Amino acid sequence: MFGLRKTLGSLFKTSKTDEAWFDTLEESLIQSDVGLPTTEQLIIKLRKAAKSEKASSPEELQALLIQEVSTLLGSLEPNPNPLFTDQKIHIPEVWLVVGVNGAGKTTTIGKLCKLFQSQGKSVLLAAGDTFRAAARNQLQEWGGRNQVDVITQDGGDAAAVAHDAIHAANSRKSDILIIDTAGRLATQDHLMEELKKVKRVIGKALPGAPHHTLLVLDGNTGQNGLSQVKAFHAALGLTGLIVTKLDGTAKGGVICALAHTLKDEPKPAVLALGKGEGIDDLVPFTAHQYSSELFN
Ligand code: GDP
C-alpha cells in the first residue's frame, strides 16, 4: 500500500538487527515523511527494547513499532467519527472545506456526498470558490454525479455564496451542507482573512455553524503540508482533516509527523484517508490500521 512498505518489508524479514539495521530503519522513516522528531523518538524506543532484549528480533521490533505508532496516533483518532455515522445532530449540518489548490478538495467533496447519501442523508453543495469558473464546474460535475444541487453565484464572493447556501439548506431541510472554498496557501494573508470572514458569516446565518471545519491535505506534501495545517488551524480552528493520495506511491508517514506538529490541544482529528481518485476511495482513519499498514 504505502511506499514505505517496500523498504521496510525487507528490513523486517532479515534475521538479525545491528547498527546498520537501525540506520536503515531510521533513514526509511525519515524518507517516508514520518518527520525527524518522531523518527528519533521511535528509534530510541526500539534501540532500548533491543538492548534490554524485550524485543530483539526484526519481527518483534516491527510489532513494537506498530504499537508505538498506533499509540502516538491515537490522539488524532476521532471518537466518535462524525463522518461515519447515521446520526443527525444538526439539521443542516454544515461542513466548511478548506485547503490548498490540488490537495484533492473537490474530489473529496464528491466522495463525501456519496458517503453522506449512503447514510440516508440529503446533501446540498455550495461553490465557494468564486475565483475559478473551472472549480465551480468541477464541483457541479460531482454534484451531477451524486444528483445533488450546487448553490453558485455569478460574480459573488465566497461569504455571499455561503450565506445563500445556508438559507437554501434551511428552506430545503437538507441534512448536510458542504461549502467548498477556493484553494489557497496559508501564507496568503488576504485569502486567509477571507476564509475567516466566510466562517463568521456562516455563524451569523446559522448560530453554531459551521459544525465542522475540514482541511483537505495532500499526503505527499511533507514539511510544507505540515506548515499549512498549522497555519489553517491557527486561523480557523480546524475540527477535522482528510489526508488524500495515500495510495500508489505515497510515502504514507505524514500522519505521524502530524501528531507531532499538532501536539497542542485542541487538535483536529484525522477523519478519513483518500486512497484513490474514485468516488468510493475514502476510508475512515484508525490509528491501529494505519500503523499496521504502514509497517507491514
Ligand atoms: P482541489 O484543487 O483541491 O479541488 O483538487 P482536486 O480534487 O481537483 O484533485 C486534484 C487531483 O488529485 C485530481 O487529479 C484528483 O483526481 C487527484 N486526487 C484527489 N484525491 C486523490 C486520492 O486520494 N488519490 C489519488 N491518487 N488522487 C487523488
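Everything quoted here is computed from the prediction, not taken from an experiment. Ligands are counted one by one from 1 in listed order, and the atoms in each one are counted from 1 as well.
Atom numbering of ligand 1 starts at 1 in the shown order; those under 4.0 Å from a heavy atom of Thr107 are 6 (P), 7 (O), 9 (O), 15 (C), 19 (C). Of all atoms in ligand 1, numbered sequentially from 1 with element shown, those under 4.0 Å from a heavy atom of Val100 are 3 (O). Of all atoms in ligand 1, listed by their number and element, those nearer than 4.0 Å to a heavy atom of Lys275 are 23 (O).
With a 4.0 Å heavy-atom cut-off, ligand 1 is reached by the side chain of Asp247 but not by its N, CA, C or O. Within the 4.0 Å heavy-atom criterion, the part of Gln138 lying near ligand 1 is the side chain and not the backbone.
If you check which protein heavy atom lies closest to atom 11 (C) of ligand 1, you get Lys245 NZ, 4.1 Å. Shortest contact from atom 3 (O) of ligand 1 to any protein heavy atom: Lys105 N, 2.7 Å. The protein atom (non-hydrogen) at minimum distance from atom 2 (O) of ligand 1 is Gly102 N, 2.7 Å.
Nearest-heavy-atom check against atom 21 (C) of ligand 1 across Gly276, Gly183, Gly274 picks out Gly276. Nearest-residue assignment for atom 27 (N) of ligand 1 (options Lys111, Glu277, Arg132; heavy-atom criterion): Glu277.
Between Asp280 and Lys114 there is a salt bridge, with a side-chain nitrogen of the basic residue lying less than 4.0 Å from a carboxylate oxygen of the acidic one. Between Glu19 and Arg47 there is a salt bridge, with a side-chain nitrogen of the basic residue lying less than 4.0 Å from a carboxylate oxygen of the acidic one. Between Glu194 and Lys197 no salt bridge is recorded (no basic side-chain N to carboxylate O distance below 4.0 Å).
Across all non-hydrogen atoms, the minimal contact from Leu76 to Pro268 is CD2-O, 3.8 Å.
Residue Gly104 has at least one N or O atom closer than 3.5 Å to an N or O atom of ligand 1. Geometrically, ligand 1 and Thr106 share a nitrogen or oxygen pair separated by less than 3.5 Å.
To the nearest 0.5 Å, atoms CG (Leu139) and CD1 (Ile179) are separated by 11.5 Å. Separation of atoms CG (Leu241) and CG (Leu271) is listed at 7.5 Å; rounding is to 0.5 Å.
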Using distance only, find each side-chain donor-acceptor pair of residues 140-150 under 3.5 Å and give its atom names and separation, not counting sequence neighbours.
from: Asn146; atom 1: ND2; to: Gly110; atom 2: O; distance (Å): 3.3
from: Asn146; atom 1: ND2; to: Trp142; atom 2: O; distance (Å): 3.0
from: Asp149; atom 1: OD2; to: Arg172; atom 2: NH1; distance (Å): 2.8

Got a list of side-chain donor-acceptor pairs under 3.5 Å for residues 86-96, not counting sequence neighbours?
from: Lys88; atom 1: NZ; to: Asp175; atom 2: OD2; distance (Å): 3.1
from: Glu93; atom 1: OE2; to: Trp95; atom 2: NE1; distance (Å): 2.8

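You'll find the side chain of Leu36 reaches within 4.5 Å of the side chain of Glu40, heavy atoms only.
Heavy atoms of Asp281 come nearer than 4.0 angstrom to ligand 1 in no pair at all.
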